Amino acid sequence: MKPLRMLAAGLAALVLSGAQAALAADTNIAVAANFTEAAKEIAAAFKEKTGEAAILSFGSTGQLYTQISQGAPFEIFLAADDARPVKAVKEGYGVEGTEFTYAIGKIVLWSTDAGLIAGEETLKAGDFDKLAIANPQTAPYGAAAVEAMKAIGVYAALEPKIVQGNNIAQTFQFVQTGNAELGFVALSQIAGKSEGSRWEVPADLYTPIRQDAVLLKKGEESSGAKAFLDFLRGPEAGAIIEKYGYGTAAGS
Amino acid sequence: MPVPVLSSETVSAIRLTVELAAITTAILLFIGTPIAWWLARSRAWWKEAVATVVALPLVLPPTVLGFYLLVALGPSGPGGALAGLWGGRTLAFTFEGLVIGSVIYSMPFVVQPIRNAFEAMGERPMEVAATLRASPARAFWSVALPLARPGFLTGAVLGFAHTVGEFGVVLMIGGNIPGETKVLSVAIYDYVETLRWGEANLLAAGMAAFAFIVILTMTIVEKRVARSGD
(Lines give C-alpha, C1' and ligand atoms only; values in the text may rest on other atoms or scores of the structure.)
Protein backbone atom coordinates (compact mmCIF):
# COMPACT_ATOMS: atom_id res chain seq x y z
CA MET A 1 0.00 0.00 0.00
CA LYS A 2 2.64 2.47 1.02
CA PRO A 3 4.80 2.38 -2.11
CA LEU A 4 1.64 2.65 -4.20
CA ARG A 5 0.54 5.73 -2.34
CA MET A 6 3.93 7.31 -2.75
CA LEU A 7 3.80 6.60 -6.42
CA ALA A 8 0.36 8.17 -6.68
CA ALA A 9 1.48 11.25 -4.75
CA GLY A 10 4.54 11.54 -6.94
CA LEU A 11 2.46 11.27 -10.09
CA ALA A 12 -0.01 13.86 -8.84
CA ALA A 13 2.81 16.25 -8.05
CA LEU A 14 4.28 15.69 -11.47
CA VAL A 15 0.99 16.35 -13.22
CA LEU A 16 0.31 19.43 -11.11
CA SER A 17 3.72 20.93 -11.73
CA GLY A 18 3.27 20.27 -15.42
CA ALA A 19 -0.09 22.03 -15.36
CA GLN A 20 1.48 24.93 -13.49
CA ALA A 21 4.16 25.29 -16.10
CA ALA A 22 1.55 25.18 -18.85
CA LEU A 23 -0.47 27.88 -17.12
CA ALA A 24 2.54 30.13 -16.88
CA ALA A 25 3.68 29.96 -20.48
CA ASP A 26 0.78 29.11 -22.78
CA THR A 27 -1.86 31.46 -24.07
CA ASN A 28 -5.35 30.04 -24.53
CA ILE A 29 -7.12 31.50 -27.53
CA ALA A 30 -10.72 31.06 -28.63
CA VAL A 31 -10.81 31.01 -32.44
CA ALA A 32 -13.82 31.22 -34.75
CA ALA A 33 -13.96 28.02 -36.80
CA ASN A 34 -13.48 29.73 -40.19
CA PHE A 35 -10.06 30.95 -39.07
CA THR A 36 -8.86 27.46 -38.06
CA GLU A 37 -6.19 26.88 -40.71
CA ALA A 38 -4.82 30.41 -40.70
CA ALA A 39 -4.73 30.49 -36.89
CA LYS A 40 -2.76 27.26 -36.75
CA GLU A 41 -0.18 28.63 -39.13
CA ILE A 42 0.01 31.93 -37.27
CA ALA A 43 0.42 30.11 -33.94
CA ALA A 44 3.26 28.05 -35.43
CA ALA A 45 4.99 31.16 -36.74
CA PHE A 46 4.43 32.86 -33.39
CA LYS A 47 6.03 29.97 -31.56
CA GLU A 48 8.97 29.95 -33.89
CA LYS A 49 9.58 33.63 -33.35
CA THR A 50 8.92 34.00 -29.62
CA GLY A 51 9.16 30.46 -28.25
CA GLU A 52 5.75 30.91 -26.62
CA ALA A 53 2.92 28.51 -27.27
CA ALA A 54 -0.64 29.46 -28.18
CA ILE A 55 -3.30 26.85 -27.40
CA LEU A 56 -6.16 27.20 -29.87
CA SER A 57 -9.80 26.23 -29.27
CA PHE A 58 -12.19 26.30 -32.20
CA GLY A 59 -15.95 26.80 -32.34
CA SER A 60 -18.65 29.04 -33.71
CA THR A 61 -18.40 32.63 -32.53
CA GLY A 62 -21.66 32.36 -30.60
CA GLN A 63 -20.63 29.13 -28.95
CA LEU A 64 -17.26 30.54 -27.90
CA TYR A 65 -18.90 33.71 -26.62
CA THR A 66 -21.23 31.68 -24.42
CA GLN A 67 -18.23 29.83 -23.01
CA ILE A 68 -16.35 33.08 -22.37
CA SER A 69 -19.37 34.51 -20.56
CA GLN A 70 -19.25 31.45 -18.30
CA GLY A 71 -15.61 31.90 -17.35
CA ALA A 72 -13.79 29.82 -19.96
CA PRO A 73 -10.02 30.22 -19.50
CA PHE A 74 -9.42 32.10 -22.78
CA GLU A 75 -7.11 35.09 -22.88
CA ILE A 76 -7.84 36.16 -26.44
CA PHE A 77 -10.99 35.91 -28.54
CA LEU A 78 -10.67 35.84 -32.33
CA ALA A 79 -14.30 36.24 -33.36
CA ALA A 80 -15.85 35.97 -36.79
CA ASP A 81 -17.72 39.24 -36.37
CA ASP A 82 -17.20 42.65 -34.87
CA ALA A 83 -20.29 42.52 -32.67
CA ARG A 84 -19.29 39.96 -30.08
CA PRO A 85 -15.89 41.46 -29.19
CA VAL A 86 -17.67 44.78 -28.56
CA LYS A 87 -20.26 42.92 -26.51
CA ALA A 88 -17.49 41.19 -24.57
CA VAL A 89 -16.03 44.56 -23.60
CA LYS A 90 -19.45 45.95 -22.74
CA GLU A 91 -20.31 43.01 -20.51
CA GLY A 92 -16.96 43.07 -18.75
CA TYR A 93 -15.22 40.05 -20.24
CA GLY A 94 -12.95 41.98 -22.61
CA VAL A 95 -10.37 44.70 -22.08
CA GLU A 96 -11.56 48.06 -23.38
CA GLY A 97 -9.74 49.49 -26.38
CA THR A 98 -8.09 46.24 -27.42
CA GLU A 99 -10.50 45.32 -30.22
CA PHE A 100 -9.22 45.46 -33.77
CA THR A 101 -10.11 43.90 -37.11
CA TYR A 102 -7.62 41.16 -37.88
CA ALA A 103 -9.28 39.80 -41.01
CA ILE A 104 -12.16 40.47 -43.37
CA GLY A 105 -13.92 37.27 -44.27
CA LYS A 106 -15.40 36.33 -47.62
CA ILE A 107 -18.05 33.73 -48.35
CA VAL A 108 -17.99 31.46 -51.32
CA LEU A 109 -20.54 29.05 -52.72
CA TRP A 110 -18.71 25.77 -53.14
CA SER A 111 -19.32 22.23 -54.37
CA THR A 112 -17.06 19.21 -54.83
CA ASP A 113 -18.88 18.65 -58.13
CA ALA A 114 -16.88 20.47 -60.80
CA GLY A 115 -19.93 21.07 -63.01
CA LEU A 116 -22.47 22.19 -60.44
CA ILE A 117 -21.85 25.85 -59.74
CA ALA A 118 -21.98 28.35 -62.59
CA GLY A 119 -22.66 31.42 -60.47
CA GLU A 120 -25.72 33.18 -59.14
CA GLU A 121 -27.85 31.29 -61.71
CA THR A 122 -27.18 28.03 -59.90
CA LEU A 123 -28.97 29.41 -56.85
CA LYS A 124 -31.82 30.77 -58.97
CA ALA A 125 -32.29 27.46 -60.75
CA GLY A 126 -32.26 25.64 -57.41
CA ASP A 127 -31.49 22.36 -59.09
CA PHE A 128 -30.10 20.61 -56.04
CA ASP A 129 -31.30 18.77 -52.98
CA LYS A 130 -29.39 20.24 -50.04
CA LEU A 131 -27.60 23.55 -49.53
CA ALA A 132 -25.39 23.80 -46.45
CA ILE A 133 -24.86 27.01 -44.50
CA ALA A 134 -23.54 27.70 -41.01
CA ASN A 135 -26.14 28.35 -38.31
CA PRO A 136 -26.97 32.02 -39.00
CA GLN A 137 -27.76 32.66 -35.36
CA THR A 138 -24.34 31.70 -34.05
CA ALA A 139 -22.02 31.92 -37.07
CA PRO A 140 -21.52 35.22 -38.92
CA TYR A 141 -20.69 33.30 -42.10
CA GLY A 142 -24.13 31.73 -41.93
CA ALA A 143 -25.73 35.14 -41.43
CA ALA A 144 -23.80 36.49 -44.45
CA ALA A 145 -25.00 33.55 -46.56
CA VAL A 146 -28.62 34.29 -45.65
CA GLU A 147 -28.10 37.98 -46.42
CA ALA A 148 -26.61 37.20 -49.84
CA MET A 149 -29.46 34.82 -50.72
CA LYS A 150 -31.98 37.46 -49.70
CA ALA A 151 -30.15 40.04 -51.84
CA ILE A 152 -30.41 37.78 -54.87
CA GLY A 153 -34.03 37.04 -53.99
CA VAL A 154 -33.75 33.28 -53.67
CA TYR A 155 -33.88 32.81 -49.91
CA ALA A 156 -37.57 31.97 -49.63
CA ALA A 157 -37.34 29.42 -52.44
CA LEU A 158 -34.20 27.80 -51.08
CA GLU A 159 -35.09 27.77 -47.39
CA PRO A 160 -36.53 24.21 -47.44
CA LYS A 161 -33.26 22.94 -48.90
CA ILE A 162 -31.01 24.50 -46.29
CA VAL A 163 -29.15 22.35 -43.79
CA GLN A 164 -27.27 24.06 -41.02
CA GLY A 165 -23.82 23.21 -39.78
CA ASN A 166 -23.20 23.95 -36.16
CA ASN A 167 -20.30 26.13 -37.28
CA ILE A 168 -18.56 26.85 -40.57
CA ALA A 169 -16.25 23.85 -40.11
CA GLN A 170 -19.20 21.45 -39.95
CA THR A 171 -20.78 23.21 -42.91
CA PHE A 172 -17.62 22.61 -44.91
CA GLN A 173 -17.64 18.96 -43.81
CA PHE A 174 -21.26 18.54 -45.01
CA VAL A 175 -20.23 19.69 -48.49
CA GLN A 176 -16.89 17.87 -48.52
CA THR A 177 -18.56 14.53 -47.66
CA GLY A 178 -21.13 15.14 -50.40
CA ASN A 179 -24.05 14.99 -47.98
CA ALA A 180 -24.96 18.44 -49.24
CA GLU A 181 -24.20 19.10 -52.91
CA LEU A 182 -23.15 22.65 -52.26
CA GLY A 183 -22.83 25.17 -49.49
CA PHE A 184 -21.71 28.61 -48.42
CA VAL A 185 -18.32 28.20 -46.81
CA ALA A 186 -15.50 30.56 -45.93
CA LEU A 187 -13.12 31.34 -48.76
CA SER A 188 -10.29 30.54 -46.34
CA GLN A 189 -11.45 26.93 -46.12
CA ILE A 190 -10.98 26.27 -49.81
CA ALA A 191 -8.12 28.68 -50.42
CA GLY A 192 -5.73 25.80 -51.08
CA LYS A 193 -8.14 23.70 -53.14
CA SER A 194 -8.53 23.71 -56.87
CA GLU A 195 -11.11 20.93 -57.34
CA GLY A 196 -14.87 21.29 -57.46
CA SER A 197 -16.71 24.40 -58.55
CA ARG A 198 -17.17 27.69 -56.78
CA TRP A 199 -18.68 31.13 -56.95
CA GLU A 200 -17.11 33.89 -54.94
CA VAL A 201 -20.07 35.86 -53.69
CA PRO A 202 -19.68 39.54 -54.70
CA ALA A 203 -18.91 41.72 -51.71
CA ASP A 204 -21.89 44.02 -52.38
CA LEU A 205 -24.36 41.21 -51.64
CA TYR A 206 -23.56 41.04 -47.93
CA THR A 207 -22.16 43.15 -45.13
CA PRO A 208 -18.39 42.64 -44.96
CA ILE A 209 -17.51 40.08 -42.33
CA ARG A 210 -15.19 42.10 -40.15
CA GLN A 211 -13.52 39.67 -37.83
CA ASP A 212 -12.38 41.36 -34.66
CA ALA A 213 -9.95 40.22 -32.01
CA VAL A 214 -10.16 41.28 -28.40
CA LEU A 215 -7.97 40.78 -25.34
CA LEU A 216 -10.01 39.15 -22.60
CA LYS A 217 -9.83 40.05 -18.91
CA LYS A 218 -8.17 36.71 -18.17
CA GLY A 219 -5.26 37.75 -20.38
CA GLU A 220 -4.95 41.33 -19.15
CA GLU A 221 -1.78 40.58 -17.18
CA SER A 222 -0.37 38.04 -19.60
CA SER A 223 2.66 39.08 -21.61
CA GLY A 224 2.12 36.08 -23.93
CA ALA A 225 -1.39 37.23 -24.85
CA LYS A 226 -0.18 40.74 -25.63
CA ALA A 227 2.72 39.43 -27.66
CA PHE A 228 0.32 37.28 -29.67
CA LEU A 229 -1.96 40.21 -30.43
CA ASP A 230 1.02 42.29 -31.54
CA PHE A 231 2.15 39.42 -33.72
CA LEU A 232 -1.35 39.10 -35.18
CA ARG A 233 -1.21 42.75 -36.22
CA GLY A 234 2.22 42.41 -37.74
CA PRO A 235 3.25 41.81 -41.36
CA GLU A 236 4.10 38.10 -40.97
CA ALA A 237 0.64 37.24 -39.68
CA GLY A 238 -0.87 39.60 -42.25
CA ALA A 239 0.76 37.66 -45.07
CA ILE A 240 -0.63 34.38 -43.72
CA ILE A 241 -4.09 35.90 -43.33
CA GLU A 242 -4.11 37.14 -46.94
CA LYS A 243 -2.81 33.82 -48.17
CA TYR A 244 -5.95 32.20 -46.78
CA GLY A 245 -8.17 34.48 -48.80
CA TYR A 246 -9.05 37.09 -46.21
CA GLY A 247 -8.84 40.78 -46.64
CA THR A 248 -6.96 42.73 -43.99
CA ALA A 249 -7.75 46.18 -42.72
CA ALA A 250 -4.36 47.30 -43.99
CA GLY A 251 -4.59 45.52 -47.32
CA SER A 252 -8.07 46.39 -48.51
CA MET B 1 -36.48 37.25 -16.53
CA PRO B 2 -39.61 37.50 -18.69
CA VAL B 3 -41.91 34.52 -18.62
CA PRO B 4 -41.00 32.47 -21.69
CA VAL B 5 -43.76 31.10 -23.87
CA LEU B 6 -43.36 28.07 -26.07
CA SER B 7 -42.44 29.33 -29.52
CA SER B 8 -43.63 27.45 -32.60
CA GLU B 9 -40.01 26.39 -33.02
CA THR B 10 -40.05 24.76 -29.61
CA VAL B 11 -43.40 23.10 -30.16
CA SER B 12 -42.20 21.62 -33.44
CA ALA B 13 -39.03 20.34 -31.71
CA ILE B 14 -41.11 18.65 -29.02
CA ARG B 15 -43.42 17.02 -31.57
CA LEU B 16 -40.49 15.85 -33.65
CA THR B 17 -38.73 14.38 -30.63
CA VAL B 18 -41.81 12.45 -29.53
CA GLU B 19 -42.32 11.13 -33.07
CA LEU B 20 -38.71 10.06 -33.37
CA ALA B 21 -38.72 8.33 -29.99
CA ALA B 22 -42.06 6.58 -30.65
CA ILE B 23 -41.07 5.28 -34.09
CA THR B 24 -37.64 4.22 -32.86
CA THR B 25 -39.15 2.35 -29.91
CA ALA B 26 -41.68 0.58 -32.13
CA ILE B 27 -38.97 -0.54 -34.56
CA LEU B 28 -36.73 -1.63 -31.70
CA LEU B 29 -39.48 -3.74 -30.12
CA PHE B 30 -40.08 -5.34 -33.51
CA ILE B 31 -36.47 -6.20 -34.35
CA GLY B 32 -35.15 -6.31 -30.80
CA THR B 33 -37.48 -9.10 -29.65
CA PRO B 34 -36.14 -11.82 -32.00
CA ILE B 35 -32.58 -10.71 -31.23
CA ALA B 36 -33.24 -10.86 -27.48
CA TRP B 37 -34.97 -14.25 -27.85
CA TRP B 38 -32.04 -15.64 -29.79
CA LEU B 39 -29.52 -14.23 -27.32
CA ALA B 40 -31.45 -15.75 -24.42
CA ARG B 41 -31.98 -19.23 -25.92
CA SER B 42 -29.18 -19.88 -28.38
CA ARG B 43 -26.24 -22.08 -27.45
CA ALA B 44 -24.07 -20.72 -30.29
CA TRP B 45 -20.57 -20.06 -29.05
CA TRP B 46 -20.46 -16.69 -30.78
CA LYS B 47 -23.68 -15.31 -29.38
CA GLU B 48 -21.90 -13.20 -26.76
CA ALA B 49 -20.00 -11.55 -29.59
CA VAL B 50 -23.35 -10.52 -31.10
CA ALA B 51 -24.53 -9.36 -27.68
CA THR B 52 -21.37 -7.25 -27.42
CA VAL B 53 -21.99 -5.60 -30.77
CA VAL B 54 -25.52 -4.73 -29.66
CA ALA B 55 -24.13 -3.28 -26.42
CA LEU B 56 -21.39 -1.18 -28.08
CA PRO B 57 -23.38 2.09 -28.19
CA LEU B 58 -23.41 2.00 -24.38
CA VAL B 59 -19.72 2.81 -24.25
CA LEU B 60 -18.87 4.34 -27.64
CA PRO B 61 -18.80 8.12 -27.80
CA PRO B 62 -21.72 9.38 -29.92
CA THR B 63 -19.12 10.97 -32.19
CA VAL B 64 -17.96 7.52 -33.30
CA LEU B 65 -21.50 6.56 -34.29
CA GLY B 66 -22.09 9.99 -35.77
CA PHE B 67 -18.98 9.77 -37.91
CA TYR B 68 -19.73 6.29 -39.25
CA LEU B 69 -23.37 7.17 -39.82
CA LEU B 70 -22.49 10.33 -41.68
CA VAL B 71 -20.34 8.36 -44.08
CA ALA B 72 -22.76 5.41 -44.31
CA LEU B 73 -25.83 7.59 -44.86
CA GLY B 74 -24.09 9.79 -47.42
CA PRO B 75 -24.11 9.62 -51.22
CA SER B 76 -21.24 7.14 -51.42
CA GLY B 77 -22.58 4.87 -48.66
CA PRO B 78 -25.50 2.41 -48.44
CA GLY B 79 -27.76 5.19 -47.12
CA GLY B 80 -27.28 7.15 -50.32
CA ALA B 81 -28.14 4.05 -52.37
CA LEU B 82 -31.28 3.54 -50.28
CA ALA B 83 -32.27 7.20 -50.67
CA GLY B 84 -31.77 6.79 -54.42
CA LEU B 85 -34.81 4.48 -54.46
CA TRP B 86 -37.04 7.49 -53.97
CA GLY B 87 -34.86 10.00 -55.75
CA GLY B 88 -32.92 11.36 -52.78
CA ARG B 89 -29.16 11.38 -52.61
CA THR B 90 -28.43 11.08 -48.92
CA LEU B 91 -30.15 9.97 -45.75
CA ALA B 92 -28.22 12.46 -43.66
CA PHE B 93 -30.31 15.52 -42.74
CA THR B 94 -33.52 13.47 -42.95
CA PHE B 95 -35.93 12.18 -40.36
CA GLU B 96 -35.39 8.66 -41.73
CA GLY B 97 -31.65 9.05 -41.16
CA LEU B 98 -32.29 10.03 -37.55
CA VAL B 99 -34.51 6.97 -37.10
CA ILE B 100 -31.72 4.70 -38.36
CA GLY B 101 -29.21 6.38 -36.07
CA SER B 102 -31.55 6.20 -33.07
CA VAL B 103 -32.35 2.54 -33.62
CA ILE B 104 -28.64 1.66 -33.45
CA TYR B 105 -27.98 4.07 -30.62
CA SER B 106 -30.84 2.91 -28.38
CA MET B 107 -30.79 -0.79 -29.23
CA PRO B 108 -28.97 -2.03 -26.09
CA PHE B 109 -31.53 -0.30 -23.89
CA VAL B 110 -34.34 -2.32 -25.44
CA VAL B 111 -32.65 -5.66 -26.15
CA GLN B 112 -30.98 -6.08 -22.77
CA PRO B 113 -34.08 -5.95 -20.53
CA ILE B 114 -36.04 -8.22 -22.90
CA ARG B 115 -33.20 -10.73 -23.02
CA ASN B 116 -32.99 -10.68 -19.23
CA ALA B 117 -36.72 -11.33 -18.98
CA PHE B 118 -36.53 -14.27 -21.40
CA GLU B 119 -33.59 -15.70 -19.47
CA ALA B 120 -35.27 -15.26 -16.09
CA MET B 121 -38.23 -17.23 -17.39
CA GLY B 122 -36.05 -20.33 -17.93
CA GLU B 123 -36.71 -23.30 -20.21
CA ARG B 124 -39.51 -24.71 -18.13
CA PRO B 125 -42.56 -22.74 -19.34
CA MET B 126 -41.77 -23.49 -22.98
CA GLU B 127 -41.30 -27.17 -22.20
CA VAL B 128 -44.61 -27.33 -20.38
CA ALA B 129 -46.29 -25.61 -23.30
CA ALA B 130 -44.74 -28.16 -25.65
CA THR B 131 -46.05 -31.09 -23.60
CA LEU B 132 -49.47 -29.48 -23.88
CA ARG B 133 -48.96 -29.70 -27.65
CA ALA B 134 -48.64 -25.99 -28.23
CA SER B 135 -46.61 -25.22 -31.35
CA PRO B 136 -43.39 -23.24 -30.67
CA ALA B 137 -44.95 -20.15 -32.27
CA ARG B 138 -48.11 -20.47 -30.20
CA ALA B 139 -46.06 -21.06 -27.04
CA PHE B 140 -43.99 -18.00 -27.79
CA TRP B 141 -47.06 -15.79 -28.23
CA SER B 142 -49.17 -17.05 -25.37
CA VAL B 143 -46.53 -18.10 -22.85
CA ALA B 144 -43.17 -16.42 -23.38
CA LEU B 145 -44.39 -12.94 -24.33
CA PRO B 146 -46.79 -12.51 -21.40
CA LEU B 147 -44.19 -13.84 -18.97
CA ALA B 148 -41.58 -11.42 -20.27
CA ARG B 149 -43.93 -8.42 -20.13
CA PRO B 150 -41.97 -6.53 -17.46
CA GLY B 151 -38.86 -6.79 -19.65
CA PHE B 152 -40.77 -5.35 -22.61
CA LEU B 153 -42.10 -2.52 -20.49
CA THR B 154 -38.65 -1.64 -19.20
CA GLY B 155 -37.13 -1.93 -22.68
CA ALA B 156 -39.78 0.25 -24.28
CA VAL B 157 -39.54 2.95 -21.62
CA LEU B 158 -35.74 3.01 -21.64
CA GLY B 159 -35.57 2.96 -25.44
CA PHE B 160 -38.01 5.86 -25.67
CA ALA B 161 -36.31 7.89 -22.97
CA HIS B 162 -32.83 7.27 -24.31
CA THR B 163 -33.87 8.37 -27.82
CA VAL B 164 -35.35 11.55 -26.36
CA GLY B 165 -32.00 12.16 -24.69
CA GLU B 166 -29.95 11.60 -27.82
CA PHE B 167 -27.75 14.54 -28.79
CA GLY B 168 -24.31 13.94 -30.25
CA VAL B 169 -25.40 11.68 -33.08
CA VAL B 170 -28.20 14.04 -34.12
CA LEU B 171 -25.88 17.03 -34.02
CA MET B 172 -23.51 15.28 -36.39
CA ILE B 173 -25.97 13.88 -38.93
CA GLY B 174 -29.02 16.12 -38.50
CA GLY B 175 -28.17 19.45 -40.12
CA ASN B 176 -30.44 21.29 -37.65
CA ILE B 177 -33.53 21.46 -39.91
CA PRO B 178 -36.64 22.70 -38.07
CA GLY B 179 -39.46 20.17 -38.26
CA GLU B 180 -37.22 17.51 -39.77
CA THR B 181 -34.12 16.97 -37.66
CA LYS B 182 -34.11 19.73 -35.03
CA VAL B 183 -35.00 17.69 -31.96
CA LEU B 184 -35.31 18.95 -28.39
CA SER B 185 -31.74 18.33 -27.29
CA VAL B 186 -30.41 20.22 -30.31
CA ALA B 187 -32.93 23.04 -29.77
CA ILE B 188 -31.69 23.41 -26.19
CA TYR B 189 -28.09 23.52 -27.41
CA ASP B 190 -29.03 26.22 -29.92
CA TYR B 191 -30.79 28.29 -27.28
CA VAL B 192 -27.79 28.07 -24.97
CA GLU B 193 -25.35 29.04 -27.73
CA THR B 194 -27.44 32.04 -28.74
CA LEU B 195 -27.89 33.13 -25.12
CA ARG B 196 -31.66 32.57 -25.21
CA TRP B 197 -31.47 31.14 -21.74
CA GLY B 198 -35.11 31.64 -20.85
CA GLU B 199 -36.16 29.14 -23.48
CA ALA B 200 -33.19 26.88 -22.73
CA ASN B 201 -34.15 26.86 -19.06
CA LEU B 202 -37.73 25.98 -19.77
CA LEU B 203 -36.86 23.04 -22.03
CA ALA B 204 -34.01 21.82 -19.87
CA ALA B 205 -36.20 21.83 -16.77
CA GLY B 206 -38.87 19.97 -18.75
CA MET B 207 -36.37 17.34 -19.81
CA ALA B 208 -35.11 16.92 -16.25
CA ALA B 209 -38.68 16.49 -14.98
CA PHE B 210 -39.40 14.00 -17.77
CA ALA B 211 -36.31 11.93 -16.94
CA PHE B 212 -37.16 11.99 -13.23
CA ILE B 213 -40.71 10.79 -13.83
CA VAL B 214 -39.59 8.06 -16.24
CA ILE B 215 -37.00 6.58 -13.88
CA LEU B 216 -39.18 6.88 -10.79
CA THR B 217 -42.20 5.30 -12.51
CA MET B 218 -40.08 2.45 -13.78
CA THR B 219 -38.60 1.72 -10.38
CA ILE B 220 -42.06 1.66 -8.81
CA VAL B 221 -43.50 -0.54 -11.55
CA GLU B 222 -40.56 -2.95 -11.33
CA LYS B 223 -40.94 -3.25 -7.57
CA ARG B 224 -44.65 -3.94 -7.88
CA VAL B 225 -44.06 -6.57 -10.57
CA ALA B 226 -41.37 -8.21 -8.45
CA ARG B 227 -43.71 -8.35 -5.46
CA SER B 228 -46.63 -9.79 -7.42
CA GLY B 229 -44.28 -12.43 -8.79
CA ASP B 230 -43.45 -13.73 -5.30
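Predicted model, so just to flag it, every value in this text is computed and none were measured. Order of the sequence lines sets the chain letters (A, B, ...), proteins ahead of strands, with each chain counted from 1.
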State, yes or no, whether a side-chain contact exists between [X] and [Y] at a heavy-atom distance under 4.5 Å.
| X | Y | value |
| --- | --- | --- |
| N179(A) | L70(B) | yes |
| K87(A) | L195(B) | yes |
| N135(A) | N176(B) | yes |
| Y189(B) | Q63(A) | yes |

Which atoms of E181(A) come close to chain B, meaning under 4.5 Å heavy atom to heavy atom: side chain ones, backbone ones, both, or neither?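 Interface part for E181(A): both.
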Please classify the contact between Q170(A) and chain B as side chain, backbone, both or neither, with a heavy-atom cut-off of under 4.5 Å.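 Answer is side chain: those atoms of Q170(A) sit under 4.5 Å from chain B.
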What's the separation between atom [atom1] in [X] and atom [atom2] in [Y], rounded to the nearest 0.5 Å?
| X | Y | atom1 | atom2 | result |
| --- | --- | --- | --- | --- |
| T90(B) | D129(A) | OG1 | CG | 8.5 Å |
| I177(B) | E159(A) | CD1 | CD | 11.5 Å |
| F67(B) | Q173(A) | CZ | CD | 9.5 Å |
| Y65(A) | T194(B) | OH | OG1 | 13.0 Å |
| N167(A) | E193(B) | CG | CD | 10.0 Å |

Please check: side-chain N/O of R89(B) versus main-chain N/O of G178(A), any donor-acceptor pairing under 3.5 Å?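 Yes; at least one donor-acceptor contact below 3.5 Å.
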Report the option among N166(A), T177(A), T171(A) that has the most heavy-atom pairs separated by less than 4.5 Å from atoms of chain B.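 Greatest number of close heavy-atom pairs with chain B: N166(A).
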Please determine whether the number of non-hydrogen atoms from other residues, nucleotides or ligands lying under 6.0 Å from atom [atom1] of [X] exceeds 12.
| X | atom1 | value |
| --- | --- | --- |
| F210(B) | CZ | yes |
| W86(B) | CH2 | yes |
| R149(B) | CZ | no |
| F95(B) | CZ | yes |

Check against side-chain contact (heavy atoms from CB on, under 4.5 Å), R196(B) and Q137(A): CA-CA 11 Å; R196(B) 291 158 73 183; Q137(A) 289 174 10; 3.6 Å; yes
Testing the basics here: between Q70(A) and W197(B), what is the closest heavy-atom pair and its distance to 0.1 Å?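 It is NE2-CH2, 2.9 Å.
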Proximal component of V192(B), with respect to chain A [non-hydrogen, under 4.5 Å]: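 For V192(B), heavy atoms of backbone and side chain both lie under 4.5 Å from chain A.
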